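Just so it is clear, the structure is predicted and the values come from calculations on it, not from any experiment. Heavy-atom basis, side chains included; hydrogens, waters and symmetry copies ignored.
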Amino acid sequence: MEHGESTPERASFYHLGPGPLGFKACHGTACFVARHLHPERWRQAVSAPARVYCLGNCHAAPATTREESRPAARVLAPTAIALQRLANGGARSLDEAIHQGGYQVLERALSSRPEDLITEIERSGLRGRGGAGFPTGRKLRAVATAPGTRRHVVVNADEGDSGAYIDRFLMEEDPHAVLEGLLLAAYAVGARQATVYVRKEYPLAACVLHVALHEARRAGLVGPRILDSGFSCEVHLEVGQGSYLCGEETALLNALEGRRPFVRARPPYPAQSGLLGQPTLVQNVETLVNLPWIVRHGGNAHAALGIPGSRGTKVLSLNSLFHRPGLYEVEFGVPIRTVVEELGGGLRTGPLRGVLIGGPLAGILPPSLLDTPLGFDELRAVGASVGHGGVVAFDANTSIAALVHHVFAFGAYESCGKCTPCRLGARHVERLFARVLQVDSVPRAETGGWEDIVEALRLTSLCGHGTGLGEFASSVLRYYRAEVESCFT
């Protein structure tokens, strides 16, 4: 479904295009740090003309599209909120979802006021699970109270942070939980139109959601007068064409409108002027999957879990270097050391050198800070991030210089190019560290003030792509400065 006509300019933005995905080898960070496990797969990735930066197979990295293994899904929190059905084997079909309680909350919610739903979600303390961590209730209320007669909900299923495969398996194994959360959000804000935007690299997720939508529409759960109520909502599915930047909500909206998916300047925010200029709620998959549990058990029950500022649970996805990679639902506040050493069982390839949480555009946590609690504020205080929940640990096979080059090569390749700091700065740092890897060290006079460049990225970029690159580089300088300094003579 397209809200606007595509143009050659728009088509040139994407890496993969409208055709089938075909065979691809992954070039993402989880695969990069595991490249020594299967060098031939990594050679396939780096030799490909169009890079694929995450296939959502980080549990089996380095991966290709032929990877068919499924990650383990375990609940280590006091109660399962997001992974309940996955931990029990999944529920792809409508019959199985209903057998496990699906859509019961929706039926009950439709007999209450939308305001009551928003109040419960505000009370829950739920924050977005897609990276920014914005309070979900506040976003719902902003859309519900924005001027205008038409509103939209957009599900951001463009999970592109390497190391994060949470949304992929929620969509593939529990698609009706995604749809129920979407419909609850639409009812709360008064939206009659919704779109699920799935990344190209998740073809099975798109297929499963397509079937789930057909089942739900046939059962009267999507479309006009849902469950014989006065609420109607049409849901459409859109598949991307390969762009990390479409995970940024305003770039995603431009993509849905058929425009070149540049990031939009804000304000106005999507809650006031989003899709087609109308109030729009943009939420990621895991956030929406939390809503049925909150509506069923109440906001206070959710707020009783976790720690101040980070309420509830969070799904984490551990990469292939762990002894026990997979999906883990944990309570906020658990120490990162518990995640790395107890849940993941430590690294199977050697001592830990560092761990990236929340994607490559976030800070590195060194081994000395593993006792930091999993929390939005707690990780931000040490220069890291909850992000999407991907946990990518690396060992001595990955040097800091190689990691910096990889992350900035990713940043330069995926930059939309709209703002100067990101367009030029990312490429400059990529080239600098490419020289370091070729000749071991670069004269300091020829580094081009790279620390100033990454600070400009952090402070002046238009969106989280450039600022994330700056945050990553800042953490490298903060915790691995001696190793970086040794690269320059």
- Message: What I'd like to find out is whether the side chain of T250 reaches to under 4.5 Å of the side chain of P270, using heavy atoms alone.
- Response: yes
- Is there a donor-acceptor pair closer than 3.5 Å between any side-chain N or O of K139 and the backbone N or O of V282? yes
- Message: Could you measure the distance from the OG1 atom of T313 to the CD1 atom of I81? Nearest 0.5 Å is fine.
- Response: 4.0 Å
- Message: With a 4.0 Å cut-off on N to O distance, would you call E286 and R168 a salt bridge?
- Response: no
- Query: Is there a side-chain contact (heavy atoms from CB on, under 4.5 Å) between S112 and L117 once you walk through the steps?
  - Reply: CA-CA 8 Å; S112 64; L117 269 67; 3.4 Å; yes
- Item | Residues S69 and E67: side-chain donor-acceptor under 3.5 angstrom | yes
- Query: NZ of K200 to NZ of K24: how many Å apart, nearest 0.5 Å?
  - Reply: 8.5 Å
- Salt-bridge contact E249-R264 (side-chain N to carboxylate O under 4.0 Å): no
- Message: Tell me whether the NZ or CZ atom of R311 lies within the 45° cone about the ring axis of F332 and under 6.0 Å from its centre.
- Response: no
- Task: Verify side-chain contact (heavy atoms from CB on, under 4.5 Å) between K418 and R423, making sure each step is shown before the conclusion.
- Result: CA-CA 7 Å; K418 187 171 184 179; R423 183 178 68 252; over 6 Å; no
- Under a 4.5 Å cut-off applied to non-hydrogen side-chain atoms, are P421 and T460 in contact? yes
- Where does the angle between the aromatic ring planes of Y413 and H15 fall among parallel (under 30°), tilted (30 to 60°) and perpendicular (over 60°)? parallel
- Message: Treating T29 as the side-chain partner and G163 as the backbone partner, does any N or O pair qualify as donor plus acceptor under 3.5 Å?
- Response: no
- Query: Ignoring hydrogens and geometry, is there a side-chain-to-backbone donor-acceptor pair from Y165 to G326 under 3.5 Å?
  - Reply: yes
- SB check R266 E248 (cutoff 4.0 Å): yes
- Whether S385 side chain and G387 backbone form a donor-acceptor pair below 3.5 Å: yes
- Query: Strictly by modelled atom types, are N284 and T287 linked by a side-chain donor-acceptor pair under 3.5 Å?
  - Reply: yes
- Let me see the working for H302 and E120 under side chain to side chain donor-acceptor pair (under 3.5 Å), right down to the final yes or no. CA-CA 10 Å; H302 185 271; E120 285 301 322; over 6 Å; no
- Message: Please evaluate residues N254 and R260 with respect to the criterion side chain to side chain donor-acceptor pair (under 3.5 Å), reporting the C-alpha separation (whole Å), side-chain torsions for both, the decisive distance (0.1 Å), and the verdict.
- Response: CA-CA 6 Å; N254 278 341; R260 190 171 176 88; over 6 Å; no
- Non-neighbouring partners of H406 that pass ring-ring contact (aromatic ring centres under 6.0 Å, His included), sequence neighbours left out: F32
- Mind checking the CG-NE2 spacing from L237 to H210? Nearest 0.5 Å is all I need. 8.0 Å
- Note, V392 side chain near L318 side chain (heavy atom, < 4.5 Å): no
- Min side-chain heavy-atom separation C233-I226 under 4.5 Å: yes
- Main-chain N/O of V386 paired to K314 side chain as donor or acceptor, under 3.5 Å: no
- Message: Is there a side-chain contact between I364 and V476 in this structure, where contact means two heavy atoms from C-beta onward sitting under 4.5 Å apart?
- Response: yes
- Task: Kindly write out the residues that satisfy side-chain contact (heavy atoms from CB on, under 4.5 Å) with R151, not counting sequence neighbours, or none if the list is empty.
- Result: V143, A191, P279
- Identified salt bridge (Lys or Arg N to Asp or Glu O under 4.0 Å) counterpart of E234 within the set R192, R225, R217: R217
- Message: Could you tell me if the side chain of L457 sits less than 4.5 Å from the side chain of T467, heavy atoms only?
- Response: no
- Task: For the residue pair F408 and R431, establish whether any side-chain heavy-atom pair is separated by less than 4.5 Å.
- Result: no
- Query: Taking it one step at a time, do E414 and H465 satisfy side chain to side chain donor-acceptor pair (under 3.5 Å)?
  - Reply: CA-CA 9 Å; E414 293 286 5; H465 190 71; over 6 Å; no
- Query: How many angstroms lie between atom NE2 of H428 and atom CD1 of I453, to the nearest 0.5 angstrom?
  - Reply: 3.5 Å
- Correct closest heavy-atom pair for L374 and I307 would be O-CD1, 4.0 Å
- Note on the structure: Rounded to the nearest 0.5 angstrom, the OG-CG distance for S310 and D377 is 5.5 Å
- Message: I'd like to know if the side chain of R427 and the backbone of G411 have a donor-acceptor N/O pair within less than 3.5 Å.
- Response: no
- Query: Checking R127 against F376: charged group under 6.0 Å from the ring centre and within 45 degrees of the axis?
  - Reply: yes
- Message: Does this structure show an ion pair linking E257 with R259, if we count only N-O contacts that are shorter than 4.0 Å?
- Response: yes
- Are T195 and E238 close enough that a side-chain donor and a side-chain acceptor fall under 3.5 Å? no
- Partners of A45 by side-chain contact (heavy atoms from CB on, under 4.5 Å), sequence neighbours excluded? A25, H27, W42
- Message: I'd like to know if the side chain of S162 and the backbone of A30 have a donor-acceptor N/O pair within less than 3.5 Å.
- Response: yes
- Query: Is the cationic atom of R199 (NZ for Lys, CZ for Arg) positioned less than 6.0 Å from the six-membered ring centroid of Y202 and within 45 degrees of its normal?
  - Reply: yes
- Message: If only side-chain N and O atoms count, and only distance matters, is there a donor-acceptor pair under 3.5 Å linking E471 with S475?
- Response: no
- Could you go step by step and tell me if E122 and S124 meet the side chain to side chain donor-acceptor pair (under 3.5 Å) rule? CA-CA 5 Å; E122 287 176 328; S124 73; over 6 Å; no
- Query: Could R138 and F134 be counted as a cation-pi pair, given that NZ or CZ must be under 6.0 Å from the ring centre and within 45° of the axis?
  - Reply: yes
- Is there side-chain contact between Y197 and D158, with at least one heavy-atom pair below 4.5 Å? yes
- To the nearest 0.5 Å, tell me how far T136 OG1 sits from R129 CZ. 7.0 Å
- Side-chain (N319) to main-chain (C58) donor-acceptor, under 3.5 angstrom: no
- Of E215, E96, Q100, R85, which meets side-chain hydrogen bond (donor to acceptor under 3.5 Å, both in side chains) against H176? E215
